[in-house]
**Q** 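First the structure, then my questions, so here it is.
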Amino acid sequence: DYHFPSLLGAAIKLMSNGTAPHEAFHYVSLAPARHLRRDDVLGSIETGKLADLIAFEPRETHGVVRAAWVGGSMRLQLSHTVRRASPALEQV
């Protein structure tokens, strides 16, 4: 089963527990791509790889997606509301 908010929530939880952002997203993007043997085209931002990305604001237990790019084209852009993240996530 694929529930994308769970992956983002997992990365946020890792970061709130002190994991560096690049490591947290490694666990939910590149590691699964490697497991599926698709890391040649998925899982990290590199030339020649598929460009599906999100921009988000971290919260204590989840992230609020603000924009999404699929295949390198913006497909979603939501309005921005200012709300402070938890102190543990302010440096993210």
Side-chain angles (χ1 to χ4, degrees):
D1 292 334
Y2 176 68
H3 183 250
F4 72 89
S6 296
L7 293 172
L8 180 54
I12 297 293
K13 179 79 170 172
L14 286 164
M15 289 187 296
S16 69
N17 288 331
T19 302
H22 73 278
E23 290 179 34
F25 281 94
H26 168 89
Y27 291 128
V28 300
S29 61
L30 187 55
R34 284 184 178 153
H35 179 74
L36 295 172
R37 297 186 178 136
R38 297 292 317 264
D39 57 308
D40 57 330
V41 294
L42 300 172
S44 60
I45 303 169
E46 297 179 53
T47 301
K49 289 193 170 186
L50 299 176
D52 294 351
L53 305 168
I54 62 165
F56 68 95
E57 292 180 38
R59 297 290 191 261
E60 290 189 24
T61 60
H62 65 284
V64 177
V65 175
R66 294 295 176 198
W69 294 263
V70 178
S73 298
M74 183 175 275
R75 300 298 174 126
L76 173 73
Q77 185 173 19
L78 301 174
S79 64
H80 178 75
T81 58
V82 177
R83 183 173 155 200
R84 290 185 67 105
S86 71
L89 297 176
E90 286 182 356
Q91 70 275 2
V92 175

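This one's a predicted model, so the numbers in the text were calculated from it and none came from an experiment.
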**Q** Any chance you could measure Asp52, atom CG, to Ile45, atom CD1, to the nearest 0.5 Å?
**A** 11.0 Å
**Q** Considering all heavy atoms of both residues, which atom of Ala24 and which atom of Ala11 are nearest to each other, and what is their separation?
**A** CB-O, 3.7 Å
**Q** I need the His22 NE2 to Ser44 OG distance, nearest 0.5 Å.
**A** 13.0 Å
**Q** Rounded at 0.5 Å granularity, tell me how far NE2 in His62 sits from CD in Glu57.
**A** 10.0 Å
**Q** What heavy-atom pair brings Pro32 and Tyr27 nearest, and what distance separates the two atoms?
**A** CD-O, 3.4 Å
**Q** Looking at every non-hydrogen atom in both residues, tell me the closest pair between Ala33 and Gly43 and how far apart they are.
**A** CB-CA, 3.9 Å
**Q** State whether the number of non-hydrogen atoms from other residues, nucleotides or ligands found under 6.0 Å of Leu36 atom CG is greater than 12.
**A** yes
**Q** According to a hydrophobic-cluster definition based on side-chain heavy atoms being under 4.5 Å apart (Ile, Leu, Val, Met, Phe, Trp, Tyr only), do Leu7 and Met15 belong together?
**A** yes
**Q** How many angstroms lie between CG in Leu76 and CD1 in Ile54, if you round to the nearest 0.5 Å?
**A** 10.0 Å
**Q** Any link between Phe56 and Leu78 through a network of hydrophobic side chains (Ile, Leu, Val, Met, Phe, Trp, Tyr) touching at under 4.5 Å?
**A** yes
**Q** Does the side chain of Arg59 come within less than 4.5 Å of Val64's, by heavy atoms?
**A** yes
**Q** Identify the heavy atoms of Leu30 and Lys49 that sit nearest to each other, and give their distance.
**A** CD1-NZ, 4.3 Å
**Q** Can you name the closest pair of heavy atoms from Val28 and Ala10 and give their distance?
**A** CG1-CB, 4.2 Å
